[in-house]
Amino acid sequence: MQSGFIGIFDSGVGGLAVYHAARKLLPHQAFVYVADSGFAPYGGRESAYITRRVTKIADALVDHGAKALVVACNTATVTTVAALRAKHSLPIIGIEPAIKPATAISRNGRIVVLTTQRTAESEAVAQLCIRYGAHVQIMLQPCPGLADQVEAGNIDGVEVKKMLRQYLAPAISLTSDVVVLGCTHFTFLANQIQNLAGPQVTIIEPSEAVARQLAHRLSSNEMISTNQPQATEAFYTTAVSLSAVSTVMSKLLGRHIEVLAADDLGLAKI
Ligand code: DGL
């Protein structure tokens with residue numbers, strides 16, 4: 001992989017939907033995806049732990065020649081994106097729960113945001129609620145354990161269904177008409193969430209919006225390379241079992257991919 005790639009990372013597999021959308025929109029770019037599966041999930045950890053991991057991954061990608069970064073993880077963004085932007089001058093796109101768009105489209109002013117524990121408790125989300133929540137009711141619903149299920153590739157098992165029913169119960173009894181997916185892992189549960197919440201509920205899933213923002217930042221900085229006939233990609237994980245991660249990532253992307261060892265981020269093969 002030559003330098004000048006777009007580095008996309010998450011605690012694990014959740015950011016793959018963002019990657020998929022970005023690759024579709026930017027078909028001539030080089031991409032490197034890093035899943036910090038060996039240190040996931042982030043959602044129940046202290047901020048300091050998450051910041052240490054996220055900084056380490058971002059530093060490694062920058063050192064290897066990334067031209068832009070996408071922090072494809074709400075938990076990582078709300079804890080660390082400001083520090084990353086202070087440290088590195090390349091474009092860095094983050095993902096925060098889409099509270100602003102939710103308030104714009106809600107008809108009854110009752111919004112539920114599904115997140116990890118850390119995101120729900122973050123200052124960044126508190127600020128979004130203050131800024132956009134004056135005339136609406138925003139319920140933050142932490143979903144402990146749910147990202148772990150997706151991480152293990154369990155996207156339609158009995159346990160997932162049980163958790164979804166439990167975590168969506170407040171949204172249903174609140175008769176909220178917008179549910180925000182505030183954790184990238186939950187994208188892979190979007191159909192089930194829609195089925196449980198009902199057709200009258202709009203589910204906000206941010207992958208395409210994030211990809212558009214990435215494309216916009218690259219194009220306004222004249223950073224879109226056109227000299228490759230098609231996108232190139234490489235996937236890395238910090239997990240010990242490469243085959244287990246390859247299996248889950250292939251399942252979620254719907255095609256076979258090979259995942260390489262991040263070598264605790266020496267990212268040997270880049
Ligand atoms: N994918 C991450 C997010 O968007 C969280 C998953 C985890 O808990 O590690 O917040």
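Start at 1 and go down the list; that is how both ligands and their atoms are numbered.
Within the structure, the closest approach of Ala40 to ligand 1 does not fall below 4.0 Å when heavy atoms are considered.
Between the side chains of Ser47 and Thr79, no donor-acceptor pair is found at a separation under 3.5 Å. Side-chain atoms of Asp148 and His185 include no donor-acceptor pair closer than 3.5 Å.
Checked against a 3.5 angstrom limit, the closest N/O atoms of Thr119 and ligand 1 fall outside it. In terms of polar-atom proximity, Ala147 is not counted as a contact of ligand 1, lacking any N or O under 3.5 Å from an N or O of the ligand.
Proximity of a side-chain donor or acceptor of Tyr19 to a complementary backbone N or O of Ala72 within less than 3.5 Å is not detected. Panel note: side chain Thr238, backbone Gly38; a donor-acceptor pair is recorded below 3.5 Å.
Scanning the protein for heavy atoms near atom 2 (C) of ligand 1, the closest one is Cys73 SG, 3.2 Å. Protein heavy atom in closest approach to atom 8 (O) of ligand 1: Gly43 N, 2.8 Å. In terms of protein heavy-atom proximity, atom 10 (O) of ligand 1 is closest to Thr75 OG1, 2.5 Å.
Set against the non-hydrogen atoms of Asn74, the atoms of ligand 1 under 4.0 Å away are 3 (C), 4 (O), 10 (O). Below 4.0 Å from some heavy atom of Asp10 lie the following atoms of ligand 1, by number and element: 1 (N), 2 (C).
Screening residues 158-169 for side-chain hydrogen bond (donor to acceptor under 3.5 Å, both in side chains), with sequence neighbours left out, gives no hits.
Residue-level proximity to ligand 1 for Thr116 is carried by the side chain, the only part with a heavy atom below 4.0 angstrom. In Cys183, the parts holding a heavy atom less than 4.0 Å from any atom of ligand 1 are both the side chain and the backbone.
You'll find the side chain of Thr75 reaches within 4.5 Å of the side chain of Ile50, heavy atoms only.
Of the candidates Phe186, Phe39, Tyr42, Tyr42 brings a heavy atom nearest to atom 7 (C) of ligand 1.
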Output, in order, the C-alpha distance, side-chain angles, deciding distance and verdict of side-chain contact (heavy atoms from CB on, under 4.5 Å) for Val160 and Leu164. CA-CA 6 Å; Val160 165; Leu164 284 176; 3.9 Å; yes

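We find that Arg255 and Glu233 are joined by a salt bridge, their nearest charged nitrogen and carboxylate oxygen being less than 4.0 Å apart.
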